[in-house]
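Each remark here refers to the structure printed beneath this line.
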Amino acid sequence: MPVVTRFAPSPTGSLHLGSARTALFNWLFARHHQGTFLLRIEDTDRERSTEESIQAIFKGLQWLGLDWDGEVIFQFSRANLHAAAARRLVEEGKAYYCYATPEELESMRAEAKKKAQPPRYNGLWRDRDPASAPAGVSPVIRLKVPQQGATQVLDLVQGSVTVNNAQLDDMVLLRSDGTPTYMLSVVVDDHDAGITHVIRGDDHLTNTFRQLQLYNALGWTAPRFAHIPLIHGADGAKLSKRHGAVDIGSYRDLGYLPEAMNNYLLRLGWGHGDDEIIPRDQAIAWFDIDHVGQAPARFDRARLDHLNAHYMRLLPDDALCEQLAAFLPSALDATQRRRLDRALPSLKQRAKTLVDLAENASPFLQDAPLSYSQEAQEVLRLSGAPLEQAFAFLETAEWAPEALEAGLRQVAEQGGEAFGKIASPLRWALTGCRVSPGIFEVLEILGRAESLQRVRTALAFQERK
RNA sequence: GUCCCCAUCGUCUAGAGGCCUAGGACAUCGCCCUUUCAAGGCGGCAACACGGGUUCGAUUCCCGUUGGGGACGCCA
């Protein structure tokens, strides 16, 4: 049977990292099996669902390169089908109308808690004659679940998990306003879409028992379930807003490449021997549910950084430049473009994110005179003879890398200084930074005129003797 | 409170009874390279939560303890 998976986020916020990973796993599983990957927006909560969130989900998935098959399914548009299923169950005596008020429910839960039982509905209307219904109260429809026995899930990740039915109450299928609840909608939609594998977060594991009971009542075969452990923050608690940036869009803005994000998310909770760098094609070939771990994983930014640095180095310069554009203060003119092209191979060697890269590129995008930082000014003030000697040499030097190197080394030697004594102030003068690509490279990229101009203005900061 | 799940270096993980004096990666520390910072190379530190079983033999199987997490809505 061909595999059909789905990603079913609710549009009540941005695309969370945990959700993104769930989407990735579903996508990989489907692609691995040459199956189908569907996207369903679970917008049955009319209060909290927003268009903005829907767009964030689309954008996030597109950025990650997780393409879905067919049209997006909007769950709310299928509400009448869900309601019909609920009414069918009432007709078949498998569900019933319940007129309990919020106050009554409240006291039932308090009561249960007092008796050291899970807070739940006590079945007040389960066998009560609907004729005794209070006037003017619109009822909900509840599923009549078995009170004896147990329900078992054979989870592809968690194994066999069983819960006593006494633990579960008669869940609401249809709200008093006639709209379906999540439990009903998911089951009907997954069934109608022919979903074969439900891969979702561990936090849904306990919902699965209820959904299984629903499949049962409806007379449908349930799909296979795979509950993947949640992603935790550094403190071990479920990753949430208090841990900082948790939505995929933030990481794009922080300068991470989708390739890195995918690789990182993939390795969070799944492994393939000693392999760490796993590009998309390899991931599709290798991905399986068997190797999904059972323990939650903590989000580790340093690891993401490392992968990002790796993928940036791997990216061809023109593609990297394209990615970088969004992080640059303005569009590049011809000169800037030429310098950046020359500097990029070296710059990308020393950046963890596109933000770093943009920052490091900055000296090459400016024209003399540079505006030097406090720190730069201080260094230049004390730069002394080495910088003067370097300038004197550069003024008449042949502007070729080998010649520049040989000449500057000679200058250092003549002055009886280590080469660093010259290179350091020269670097500050040329770039305004402590760190940069190799000094000869910088000279060559900037060219004679620009380099001399920069050093000349830098010299002006020198302490008067 | 009730139920469910989880447990290998700081972190992500390999490991499906002997291959384990537990492997890799990130982080960290040191050395090399070196004009800076990276990258790269080499090396160091660092883990099977604890207690019982089962077995000739447990990181691997079972039970318990401890610790962590999750779920208990007319939210999804």
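Here is the naming used below: chain letters follow the sequence lines, and residue numbers restart at 1 for every chain.
Side-chain N/O atoms of Asp202(A) and base N/O atoms of rG70(B) include no donor-acceptor pair closer than 3.5 Å. With hydrogens and angles ignored, a donor-acceptor pair closer than 3.5 Å exists between the side chain of Arg350(A) and the base of rC37(B). Residue Thr206(A) places no side-chain atom within donor-acceptor reach of the base of rC3(B), judged by atom type and a 3.5 Å distance cut-off alone. For rA76(B), its base sits under 3.5 Å from the side chain of Asn207(A) at one donor and acceptor pair at least. Between the side chain of Arg303(A) and the base of rA27(B) there is no donor-acceptor pair of N/O atoms closer than 3.5 Å. Evaluation of atom-type donor-acceptor distances gives no pair under 3.5 Å for the side chain of Arg434(A) against the base of rU36(B).
Protein atom CZ of Arg200(A) is 12 Å distant from nucleotide atom C1' of rA71(B), rounded to whole Å. If you take CG of Leu105(A) and P of rC72(B), they are 16 Å apart, rounded to a whole angstrom. For the pair Gln167(A) CD and rC5(B) P, the interatomic distance rounds to 12 Å; values are reported in whole Å. If you measure from atom CD1 of Ile278(A) to atom P of rG24(B), you get 17 Å, rounded to the nearest angstrom. Summarising the geometry, the separation between NZ on Lys421(A) and P on rU34(B) is reported as 19 Å, rounded to the nearest angstrom. Protein atom CG of Asp305(A) is 18 Å distant from nucleotide atom P of rA25(B), rounded to whole Å. Rounded to an integer number of Å, the gap from CD1 of Ile422(A) to C1' of rU34(B) is 17 Å. In this structure, CG of Asn263(A) is placed 13 Å from C1' of rU13(B), rounded to the nearest angstrom.
Aromatic ring centres of Phe37(A) and Phe29(A): separated by at least 6.0 Å. The aromatic ring centroids of Tyr215(A) and Phe209(A) lie 6.0 Å or more from each other. The aromatic ring centroids of His291(A) and Trp270(A) lie 6.0 Å or more from each other. For Tyr256(A) and Phe327(A), the distance between ring centers is not under 6.0 angstrom. The six-membered or imidazole ring of Phe7(A) lies away from that of Trp68(A), with a centre-to-centre distance of 6.0 Å or more.
Residue Gly438(A) is classed as a base contact, given a heavy-atom separation below 4.0 Å to a base. Gly293(A) comes within 4.0 angstrom of nothing in the nucleic acid, heavy atoms only. Using a 4.0 Å heavy-atom distance criterion, Thr162(A) is classed as a sugar-phosphate-only contact. Using a 4.0 Å heavy-atom cutoff across all strands shown, Leu426(A) reaches no nucleic acid atom at all. Ser176(A) comes within 4.0 angstrom of a nucleotide base, judged by non-hydrogen atoms across all strands.
One finds no side-chain N or O of Lys348(A) lying less than 4.0 angstrom from the OP1 or OP2 phosphate oxygen of rA39(B). Look at Arg109(A) and you'll find a side-chain N or O under 4.0 angstrom from OP1 or OP2 of rC74(B). One finds no side-chain N or O of Gln158(A) lying less than 4.0 angstrom from the OP1 or OP2 phosphate oxygen of rC5(B). Considering only side-chain N and O atoms, Arg142(A) lies under 4.0 angstrom from the phosphate OP1 or OP2 of rC74(B). Between rA76(B) and Ser185(A), no contact under 4.0 Å exists linking OP1 or OP2 to a side-chain N or O.
Side-chain proximity of Asp300(A) to the nucleotides rG1(B), rC5(B), rC26(B) is greatest for rC26(B). The side chain of Gln349(A) has rA38(B) as its nearest neighbour among rA38(B), rG70(B), rU13(B). For Gln294(A), whose side chain is taken as the heavy atoms from C-beta onward, the closest listed nucleotide among rC6(B), rC74(B), rC12(B) is rC6(B). Closest contact between the side chain of Arg267(A) and the listed nucleotides rU13(B), rA39(B), rU2(B) involves rU13(B). Picking from rC12(B), rC6(B), rA76(B) the nucleotide with the shortest atom distance to the side chain of Leu268(A) gives rC12(B). Of the candidate nucleotides rA71(B), rC6(B), rU11(B), rU11(B) has the atom lying nearest to any side-chain atom of Arg298(A). Side-chain proximity of Met183(A) to rC3(B), rG70(B), rA76(B): nearest is rA76(B). Among the nucleotides rG15(B), rC26(B), rU2(B), the one closest to any side-chain atom of Pro118(A) is rU2(B). Relative to the side chain of His306(A), the nucleotides rA7(B), rA76(B), rC26(B) differ in distance, and rC26(B) lies closest. Closest contact between the side chain of Leu205(A) and the listed nucleotides rU36(B), rC5(B), rG69(B) involves rC5(B).
Comparing rC42(B) with rA25(B), their P atoms are spaced 10 Å from each other, to the whole Å. A distance of about 34 Å separates the C1' atoms of rA58(B) and rA71(B), rounded to the whole Å. Taking atom P in both rG64(B) and rC3(B), the straight-line distance is 13 Å, to the nearest Å. Rounded to whole Å, the separation between the P atoms of rG68(B) and rA49(B) comes to 16 Å. With C1' as the reference atom, rC45(B) and rC5(B) are 33 Å apart, rounded to whole Å. Nucleotides rG44(B) and rG24(B) have their P atoms positioned 10 Å apart, rounded to a whole Å. Spacing between rU60(B) and rU8(B) at atom C1', rounded to whole Å, works out to 11 Å. The same atom, C1', is picked in rA14(B) and in rC9(B); the two are 13 Å apart, to the nearest Å.
Nucleotide rC37(B) forms a pair with no other nucleotide shown, judged by Watson-Crick or G-U wobble geometry with both contacts under 3.5 Å. Base pairing of rU66(B) is made with rA7(B), judged by Watson-Crick or G-U wobble geometry with both donor-acceptor distances under 3.5 Å. Nucleotide rU28(B) forms a Watson-Crick or G-U wobble pair with rG44(B), both donor-acceptor distances falling under 3.5 Å. With a 3.5 Å ceiling on both atom-pair distances, the Watson-Crick or G-U wobble partner of rG1(B) is rC72(B). The partner of rG57(B) cannot be assigned: no Watson-Crick or G-U wobble pair with both contacts below 3.5 Å exists in any strand. Nucleotide rU21(B): unpaired (no Watson-Crick or G-U wobble partner with both distances less than 3.5 Å).
Contact of the Pro180(A) side chain with the Ser185(A) side chain is registered, since non-hydrogen atoms from C-beta on lie closer than 4.5 Å.
Judged purely by distance below 3.5 Å, without hydrogens or angles, the side chains of Arg200(A) and Thr22(A) never pair a donor atom with an acceptor atom.
Positionally, the nearest nucleotide of RNA chain B for Asn164(A) lies more toward the 5' end than for the other of Arg120(A) and Asn164(A). Position along RNA chain B of the nearest nucleotide to Val161(A) versus Phe299(A) favours Val161(A) as the more 5'-ward residue.
In this structure, Thr208(A) contributes its side chain and His204(A) its backbone to a donor-acceptor pair below 3.5 Å.
Remark: Glu395(A) CD is packed, more than 12 non-hydrogen atoms of other residues, nucleotides or ligands lying under 6.0 Å away.
Contact detail for Ser53(A) and Gly13(A): the closest heavy-atom pair is OG-N, 3.1 Å.
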